[in-house]
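Beneath this line is the structure, given in structure tokens, with notes to follow.
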Protein chains: 2
Amino acid sequence: MKKATIHEIAKALNIDSSTVSRALNDSDRVRAKTKKRVLDKARELGYTRNLLASNLRRNKSNTIGVVVPRISRYFFSSTIAGIEEMAYQAGYNVIICQSLEEVLREQKIIRNLMANRVVGILISVTMQTRDTAHLTECFENGTPLVFFDRHVTGIKQTGKVLLDDVRGGFEATEHLIHQGCKKIVHFTAPLEVEIYKNRHEGYRSALAKYDLPYDENLVFVSTLLKEDGYRLAGKIVEELDGVDGIFSANDFAALGALNYLKKSGIRVPGDIAIVGFSNEPTSAVIEPSLTTVDQSGTEIGRLACNLLLDYFENGNTLINDKTIMIPPKLIVRESSKRY
Amino acid sequence: MKKATIHEIAKALNIDSSTVSRALNDSDRVRAKTKKRVLDKARELGYTRNLLASNLRRNKSNTIGVVVPRISRYFFSSTIAGIEEMAYQAGYNVIICQSLEEVLREQKIIRNLMANRVVGILISVTMQTRDTAHLTECFENGTPLVFFDRHVTGIKQTGKVLLDDVRGGFEATEHLIHQGCKKIVHFTAPLEVEIYKNRHEGYRSALAKYDLPYDENLVFVSTLLKEDGYRLAGKIVEELDGVDGIFSANDFAALGALNYLKKSGIRVPGDIAIVGFSNEPTSAVIEPSLTTVDQSGTEIGRLACNLLLDYFENGNTLINDKTIMIPPKLIVRESSKRY
DNA sequence: AAATATAATACAATCGATTGTACCAATAAT
DNA sequence: ATTATTGGTACAATCGATTGTATTATATTT
């Protein structure tokens, strides 16, 4: 029941606990024969190193903190999977926290992770995060920070792994234009959030390239839930005229719109073509299947974690607003394919 | 950069660090006035409690370990969300690990969690877990264990939160029978795995109840991937005659089968009705939508975590092979609805 | 064999917070 | 005024492992 310690091993072998510690850590200050005796006795006593003590002494927790808005969202659970995979290989633990899109919770979580002396934090911020004091605190305390996907600007001394959202928005919109769309609506979330700002920028620059007018009335800001998409699609049909394309900044809203249009007997892509963003699993199986921009969560997670791991090995060189930009991949499916 | 400690606060105020500690923990052995001075100074110095030290002293980590086969599977990410939610409320951290269906990894993970002195472990085991030594070790070391969903039998001193798989299998099969199916195939995974054994048992007893023969040749064991479903559906169509129903022990294989049948021009549910298990998000949107048995991951996660938390508060009373059985919920959709 | 070098181990401080016991003050009781 | 009580602090040990330094035992050199 009670766990064995190095001191008990030491006493049993009549040697000092420091020697036991070194033996267990395979130090070359201990003779091979002694090591063997220690290891055998350790096994006999069912010894497991107390990492709490070890971490305290070394003042490191060998734990990485991860903060996401919501674990059960596919994109985030895939990033977590990628992060965990890399961390495990390198011998780190991963503490997962979800902010549930609440800034207050995010702040508390960060403080808690700091109190736990995590070696670094990987974070995708909430949609509401404007005040970044809790984030700047991190590197001020010497805890490196890496953003992935949802990030904030203006903080130096961090790493970032981002999808090239501008390009993603551009390609999505351009694709719709290539399919003959002339009046393209854009569903987005508050433009203070970097990723949505960037997708919007891509949308806008695609319109510009093809000499289509940018019309503020065609841009709808919401929380991008399925219900928002459903509602907005209704609005478009009722109140606007001649809309022939929708570019939604995420798949959920796109799927909601798709639902509404199907139910209303409006043909997709015939009457209105739709492109989403994120490549949710659902998007591939719905009918018509949804054209979308893929962002490989697993890959982003791996890269973000590696950025941190590299930092530990190579020092300051890597984290200094170092940004890894991932190219977006447009996945063309039925919802937009007119030819 | 360097973090402040209680000793620095103590020195600054010219009092003892034990008083500071008690003040920070709001002990009634410290005068209100002193508490205020300590708190103010703590804020001034940017103090954050070092949980590593605190945990070591109390020999508890205030961390709960969670082990799942794969984080990115929807069911598991929802359970994690539920677990994290409860744990957060109670002031615990959650370390998440994925076994990736590898027993060896599972063993290593358990050992690591023990070394980290987690206060308890919530686990859903791999499909391959037969040898349970690493699990019995847990409670031998005083670390309580709670299984959810995928469990093993024969270990006392654990809690369990399970879906009533027997009943789920029964209801799924009975439903198919009610829809007029006479020759029902069952897709399952190795029957050494409890949940699959139980779903199979439900299948079998439903057949018995309605005097339908149980035929081993109608039971197909695989890993239940989408591809397995696709392949097996082909086999059924080619090699068997008169199959008019499929009960798959998970949705993935059911979706694979659905794909094959659609592609082959076989009507679902007209020719063959299909029922899955788990209610994956995809299952609701595919056409025809898939009838399935719902298991609320979030709810299971919450319950599992609460079982552990109750144990901490109420001692041994709660964990002693205590099993919480959740009733399954059959969700009837198009893939099986004949009338 | 003596002197030096080196390998192996022991000693002791430390990481930061917690907690039982001891102590001193101020107040209450006699 | 003296003793008993108790509220508020200080002292010191402790959790278990790590690590710089000191010491002893062995090996090498002269």
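A, B, ... follow the sequence lines: proteins, then strands. Residue 1 opens every chain. Side chains are part of it too, since the values below use all heavy atoms of this structure and drop only hydrogens, waters and symmetry mates.
- Within the 4.0 angstrom heavy-atom criterion, base atoms lie near A:S18.
- Applying salt bridge (Lys or Arg N to Asp or Glu O under 4.0 Å) to B:E101 and the options B:R150, B:R70, B:R73 leaves one that passes, B:R150.
- Residue contacts for B:I15: at a heavy-atom cut-off of 4.0 Å it reaches the sugar-phosphate backbone alone, with no base atom in range.
- Here B:S54 does not reach the OP1 or OP2 of C:dG16: none of its side-chain N or O atoms lies under 4.0 Å away.
- In the model, A:R111 has no side-chain atom that pairs as donor or acceptor with a side-chain atom of A:N116 under 3.5 Å.
- Taking 4.0 angstrom as the limit, A:R31 places none of its side-chain polar atoms (N or O) nearer than this to OP1 or OP2 of C:dA7.
- Using modelled atom types and a 3.5 Å distance limit, the side chains of A:T129 and A:T126 yield a donor-acceptor pair.
- To the nearest angstrom, C1' of D:dA10 lies 13 Å from CD1 of B:I6.
- At the heavy-atom level, B:N25 lies under 4.0 Å from the strands shown only through sugar-phosphate atoms.
- Checked by atom type, the side-chain pair B:R117/B:N62 shows no donor-acceptor distance below 3.5 Å.
- At the heavy-atom level, B:R22 lies under 4.0 Å from base atoms of the strands shown.
- Atom CZ of B:R29 is separated from atom C1' of C:dA22 by 10 Å (rounded to the nearest Å).
- Atom CG in B:L52 sits about 15 Å away from atom C1' in C:dT14, given to the nearest Å.
- The shortest distance between the side-chain N/O atoms of A:T34 and the OP1/OP2 oxygens of C:dT9 is below 4.0 Å.
- Each of B:N14 and B:R58 was matched to the nucleotide of DNA chain D holding its nearest heavy atom; the match closer to the 5' end belongs to B:N14.
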